[in-house]
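Just below is one structure, and these are the notes that go with it.
The chains referred to below are lettered A, B, ... by the order of the sequence lines, with proteins before strands, and numbering in each begins at 1. All heavy atoms count here, side chains included; hydrogens, waters and symmetry mates do not.
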There are 2 protein chains.
Amino acid sequence: MDGKDMAAMLEEAGVEPTAVRLAVTHVLADGERALPAGDILRKVRETMPVNKVTLYRILDLFVRQGLASRHSSGDRAFRYCLGPRFSGRAHGHAYCLRCGRMACLPATRDLVDVAALGRSLDMDVVGVEVRIDGVCAACRLAAEKGGTGGAVEDGAVVDDAPGKN
Amino acid sequence: MDGKDMAAMLEEAGVEPTAVRLAVTHVLADGERALPAGDILRKVRETMPVNKVTLYRILDLFVRQGLASRHSSGDRAFRYCLGPRFSGRAHGHAYCLRCGRMACLPATRDLVDVAALGRSLDMDVVGVEVRIDGVCAACRLAAEKGGTGGAVEDGAVVDDAPGKN
DNA sequence: GGCTTGATGCAACAGAGTTGCATCAAGATG
DNA sequence: CATCTTGATGCAACTCTGTTGCATCAAGCC
Ligand SMILES: [Mn+2]
Ligand SMILES: [Mn+2]
Ligand SMILES: [Zn+2]
Ligand SMILES: [Zn+2]
């Protein structure tokens, strides 16, 4: 996806295309994984200075407009990826309990009979969240080699110090 | 379930049966819903004084021992209910976006083909989380009557002041 | 030029859970 | 009995992940 597509996506979602929003869209459009706000913030900052509040507001906006979707993981940080309309599918995720990475799966429809659900529950169904919890291949290998900390490399918590936007 | 059963469950789970743990088990054994720690704390406190840290430690212990299971909702508080071994089934949940209540569903097996998942993912699958998001019947009715706040009644946040255990 | 509007920044705050250390009771040991 | 150890609990302070209020700034309009 190039810059042109990003702007088109924002417009289609009814969102004013500012520089930061384009950068966030660019990160989300990677599409491999659902990312926590902290990771998105780091990636966007490789391009330009951004305040974390701005990012949170953009993510909320994107979710409201269907551009992004927000998913809960086993830890306390929500993960964001492109919404169904822009990723081309409603999909579940595979969450690694060791490294915290959350991979986007091909689709949810094969796994869950949503229609049957709507009928069987006395509830207006808005969405279905499917998450597979386990240990990813990278972490399994790392564990076999004797490591104890999973297959993570990044770490570095996003800070809050003045002048850091 | 009476007190006798509670103690038996704790023993079966390999957990020392203290007064607080029995009370927590009692609350979880209700079985209708998965409850946030705050709700559990309030209910246990109707019986005896307890510190919130104690509750969190008990919940962690219960989850480790399989007595309870921990589920993520659309908000930032985890919900706890009896684990599969003690509730008699692995099950998903229905989360109401209005009132935040999370109902335990009959079973997950009918909805998700877990075996197929294990095969298709390069991952050691530990668990599957299925959550239906929507608006519960009570909230739908409340909304039709013109209310704007969902079908909740409780509210009251659990405090942290000294002398409150 | 003045006015409004929307996006962004900054500081302080909030909720949910954690950590470290103190205390206390029940057993185990002598 | 005196003492030692162990596990459960309490309390204060802390972390992490967002949120809220208010200030600023730029762009468009009159
Ligand atoms: Mn995804
Ligand atoms: Mn349940
Ligand atoms: Zn992993
Ligand atoms: Zn409801």
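Mapping A/Ala19 and B/Arg76 onto DNA chain C via the closest heavy atom, the residue that lands nearer the 5' end is A/Ala19.
Within the structure, a side-chain polar atom (N or O) of A/Arg21 is placed less than 4.0 Å from OP1 or OP2 of C/dA7. Between B/Tyr56 and C/dT18 there is no side-chain polar atom (N or O) within less than 4.0 angstrom of OP1 or OP2. Distances shown here put a side-chain N or O of A/Thr54 below 4.0 Å from the OP1 or OP2 atom of C/dG9. Distances shorter than 4.0 Å separate some side-chain N or O of A/Thr18 from OP1 or OP2 on C/dT8.
No hydrogens or angles were tested; on distance alone, a donor-acceptor pair under 3.5 Å links the side chain of B/Arg57 to the base of D/dG10.
A/Leu35 places its CG atom 14 Å from the P atom of D/dT17, with the value rounded to the nearest Å. With rounding to whole Å, B/Lys52 atom NZ is found 17 Å from D/dT9 atom P. If you measure from atom CD1 of B/Ile58 to atom P of D/dG7, you get 16 Å, rounded to the nearest angstrom. Note: CG (B/Asp60) to C1' (D/dG7) measures 16 Å, nearest angstrom. Atom CG in B/Leu55 sits about 10 Å away from atom P in D/dG10, given to the nearest Å. A/Phe62 places its CZ atom 12 Å from the C1' atom of C/dA7, with the value rounded to the nearest Å. In this structure, CG of B/Asn51 is placed 17 Å from P of C/dA22, rounded to the nearest angstrom. Atom pair B/Phe78:CZ and D/dC16:P shows a separation of 15 Å (rounding to whole Å applied).
Using a 4.0 Å heavy-atom cutoff across all strands shown, A/Pro17 reaches no nucleic acid atom at all. Nucleic acid contact for A/Asp75: none, since no nucleic acid atom lies under 4.0 Å from a heavy atom of the residue.
For B/Glu11, the CD atom is loosely surrounded, since the number of other residues' heavy atoms within 6.0 Å does not exceed 12.
Side chains of B/Ser72 and B/Arg79: no donor on one and acceptor on the other come within 3.5 Å.
For A/Arg64, the salt bridge (charged side-chain N to carboxylate O under 4.0 Å, His left out) criterion is met by no residue, not counting sequence neighbours. Partners of A/Asp30 by salt bridge (charged side-chain N to carboxylate O under 4.0 Å, His left out), not counting sequence neighbours: none found.
Looking at A/Arg57 and A/Asp60, no side-chain N of the basic residue comes within less than 4.0 Å of a carboxylate O on the acidic one, giving no salt bridge.
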